[in-house]
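Pasting a structure here, questions to come.
Here is how names work: the chains are called A, B, and so on, in the same order as the sequence lines, proteins then strands, and each is numbered from 1. What you see below is based on every heavy atom in this structure, not just the backbone, and it leaves out hydrogens, waters and symmetry mates. Bear in mind the structure is a predicted one, so any value in this text is a computation, not a measurement.
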Protein chains: 4
Amino acid sequence: MSPLNGDQLQIIRDERKEQIMIAALQIFARRGYIGTKLSMIATKAGISQGLLYHYFKSKDELFILLIQQAIQESIDGMKSVYQLPGSPIEKLRALTRLDNEGQLYFMLIHHARTSDGIPEEAKQLIEQYSMDSYVVDILEPLFIEGQKANEFTQGDPRQLISTYFTVVSALMTLNIHEDEAYQMPEVNLLLRIVTGRP
Amino acid sequence: MSPLNGDQLQIIRDERKEQIMIAALQIFARRGYIGTKLSMIATKAGISQGLLYHYFKSKDELFILLIQQAIQESIDGMKSVYQLPGSPIEKLRALTRLDNEGQLYFMLIHHARTSDGIPEEAKQLIEQYSMDSYVVDILEPLFIEGQKANEFTQGDPRQLISTYFTVVSALMTLNIHEDEAYQMPEVNLLLRIVTGRP
Amino acid sequence: MSPLNGDQLQIIRDERKEQIMIAALQIFARRGYIGTKLSMIATKAGISQGLLYHYFKSKDELFILLIQQAIQESIDGMKSVYQLPGSPIEKLRALTRLDNEGQLYFMLIHHARTSDGIPEEAKQLIEQYSMDSYVVDILEPLFIEGQKANEFTQGDPRQLISTYFTVVSALMTLNIHEDEAYQMPEVNLLLRIVTGRP
Amino acid sequence: MSPLNGDQLQIIRDERKEQIMIAALQIFARRGYIGTKLSMIATKAGISQGLLYHYFKSKDELFILLIQQAIQESIDGMKSVYQLPGSPIEKLRALTRLDNEGQLYFMLIHHARTSDGIPEEAKQLIEQYSMDSYVVDILEPLFIEGQKANEFTQGDPRQLISTYFTVVSALMTLNIHEDEAYQMPEVNLLLRIVTGRP
DNA sequence: TATGAATGAGTGTTCATTCAT
DNA sequence: CATGAATGAACACTCATTCAT
């Protein structure tokens, strides 16, 4: 009945898949794996629950794909820091102000790392993507440059990255909830960890 | 004539109750409210599931009691900072190194604050225990003293406390998982937020 | 393109809902609220237990809907007495011979009135539907007419209605069980309460 | 340790057993078999739940014993009608005004007869105690005498008894609930069934 | 492809019954 | 005898997943 050719169909399929994943990301990131019901995702994506299973084999698969995407986006984001303008400290400040989708990816990873009860494969993906092998590697040149320029405090740059990244990562989770009580700290206060200056 | 002395019975009851709450704390803190099944708590406490209901009316009640305890312990912990020896900075450093149970309480509160699906009463308890009214109030004298002694950076002490506490609080969650990847930062690095010095 | 026409779907839904309610009525009426397990209803309706929850939010809701229906049917039945042929005494005789479904509704109400452990809302519905405000009001003209025609005994018609209705109502409960021991009385014997004649 | 001899112990035992049965009767009669929890009986009897099992093997046994007692008391009550003073109609009027405990027994039997889910043995006891073989047999001489004295309406006395007894029995259930809506009918109105006179 | 009805395994909770003291 | 802690087999209800249409 449909005159659409194979390619067009594939494109529609991919768009629909992307649309579902965006909806899923928002809910998984805020509610965690167990707290997320497929009905929520379906409703947010504007489709029926059954249709989810035409695109994803299971809740697990959908979650794992999101984790993979989150890891990839996160790595890409880190790498793009070098394209940002300004001095090392300015680059880092800009990196710290992630856009909303970036924050969701952070939260998703943070959640997957700190919760029990998530799919085993997701756990393993997260483990592989350890800070040492990715984030720290990527940011090391920036920090070394910053230290040379005397913008950053001295000491092991890898440990500095690790600490800073951990703090920022943990704070994302709070920020996304717009929780008045946990006031999102001033970026400048956080940067003190790296700069060692008021 | 009575099979067991009333006092003895009460003591046994209290011990058993405490034993269940300790088990529950460990699981709730790590897995969150929804992710925690009563069967897990029962198994961890070494009792049957049904017995839980001799001691607690419901999962909600158990959770709420834990939240109350967590808040109380947290407040007490904060207040005890003034009994610690040393200068303001040394007091704060010691406070930051909480014992394991303290960390679990932190995680529990952190979790309750950042998750959906929590019992309404628990939510409200957490709200009442906002940083402004408790933590910040309690720590304000310490920070002002630190600023006078020029150990702490200048600026609004309340904002400083809020930021530092938020960061430490968020990091507790990671530390408890003994997650090698998220390396628990050096306390000294964190203190830079407060001291403004390397 | 849509798999099923919206109207068709709604019809199927309504039929299925009706089918469940009929099954539920039979079991609730005989076994009472507490004595009725959802598995019984599901089995009788030929569906799975989980499916019940696509049509009714809870056991309570299902029960309350049945009570509402029972009250409505009961009122409608009373009102229809005036469409029946014959003299007042003949009309009343016909009304006393209710069909099977009518009897189930009577039993349901009877049960809800005389049992503990019923949902609060159901209790309230029953209270509102007190004899005074509905049944007695509706039947009063019939009884007054019967008294004028000298077919009914003299005295307060409202009290007469109340008594007669209470007796018939209580007897329904027995009849439904096809209990040989409690033989359903001859209608004529019961009518003596109203007529005051052999 | 106890200096009590065997007989005294047995007496105490029997008293305690009776005390439990009285408590059980009140609750079973009002709430039915399923609706009655052993904890309710224990509380009402002022003993612990466990102690129930020193006197009764199970909930079923307790219920069955009560049914047996109810049947026996009911038969004895019927028989005692002949000791009452007055004419047949006055005797019947007095019988209809049962004391509270008698009403509870009626309700218990009524409940057991009209509910599903009660122990099989209780069901069988009730069946054996059919009206034909007991109640009707016992009351038949009274009714025949009443008919001879022209106090009662003519016709099959056994059917008359059956009807009257059924109506009274069903009404007990309502009366015990002190339900304003179901107004307990005037005894005189009920007696019309038997007398055929206003 | 798309729907939503349908299923069943699993959760929180209750309660008759048993048991150590 | 007497207690109340302890158990486990239900029960009401939820939700990921399947399936007929």
So does C:R16 get a side-chain nitrogen or oxygen closer than 4.0 Å to the phosphate oxygens (OP1/OP2) of E:dA6? yes
Chi angles and distances behind the side chain to side chain contact (heavy atoms under 4.5 Å, CB included) call for B:Q69, B:Y105: CA-CA 8 Å; B:Q69 208 169 79; B:Y105 284 134; 2.7 Å; yes
Roughly, in whole Å, what's the span from OH in A:Y55 to P in F:dT18? 17 Å
Is C:L38 touching bases, backbone alone, or none of the nucleic acid, heavy atoms closer than 4.0 Å? sugar-phosphate
Quickly work out the B:E15 CD to F:dA5 P distance and round it to whole Å. 13 Å
Donor-acceptor under 3.5 Å (B:Q19 side chain, B:A45 main chain): yes
Closest heavy-atom pair and its distance - D:Y53, D:S58: CE2-CA, 4.1 Å
With a cut-off of less than 4.0 Å, is there a side-chain N or O of C:Y53 near OP1 or OP2 of F:dT14? no
Mind pulling the stems DNA chain E is in, i.e. runs of at least three Watson-Crick or G-U pairs, everything under 3.5 Å? E:2-21 with F:2-21
Is there a donor-acceptor pair closer than 3.5 Å between any side-chain N or O of B:E18 and the backbone N or O of B:D14? no
Classify the side chain of D:H54 and the base of F:dA2 as holding, or not holding, a donor-acceptor pair under 3.5 Å. yes
Mind calculating the distance between NZ (C:K37) and C1' (E:dC15) to the nearest angstrom? 11 Å
What's the CE-P distance between D:M40 and E:dT17, to the nearest Å? 15 Å
Establish, with yes or no, whether the OP1 or OP2 oxygen of F:dC1 is under 4.0 angstrom from a side-chain nitrogen or oxygen of D:R13. yes
Any idea which of E:dA16, F:dC15, F:dT3 is nearest the D:K59 side chain? E:dA16
Nearest-nucleotide wise, let me know which of A:T36 and D:G50 is further upstream toward the 5' end of DNA chain F. D:G50
Measuring from atom CZ of B:F63 to atom CE of B:M21, what distance do you get when rounded to the nearest 0.5 angstrom? 11.5 Å
Atom CZ of A:F56 and atom P of E:dT1 are separated, to the nearest Å, by 13 Å
Can you measure D:I27 atom CD1 to E:dA16 atom P for me and round it to whole angstrom units? 11 Å
Among the nucleotides E:dT3, F:dA2, F:dT7, which one has an atom lying closest to any side-chain atom of D:L51? F:dA2
Examine distances only and state if a side-chain atom of A:K123 and a backbone atom of A:A112 form a donor-acceptor pair shorter than 3.5 Å. yes
Would you name the heavy atoms of C:A24 and C:L66 that are closest together and state the gap between them? CB-CD1, 3.7 Å
Winner on side-chain proximity to D:S58, out of F:dT3, E:dT17, E:dG4, is E:dT17
Find the distance B:K57:NZ to E:dC15:P and express it as a whole number of Å. 15 Å
Give one of base, sugar-phosphate or nothing for A:L52, where a contact means two heavy atoms less than 4.0 Å apart. nothing
In whole angstroms, how far is the P atom of E:dG10 from the CD1 atom of B:I34? 19 Å
Ion pair check, D:D116 and C:R30, cut-off under 4.0 Å: no
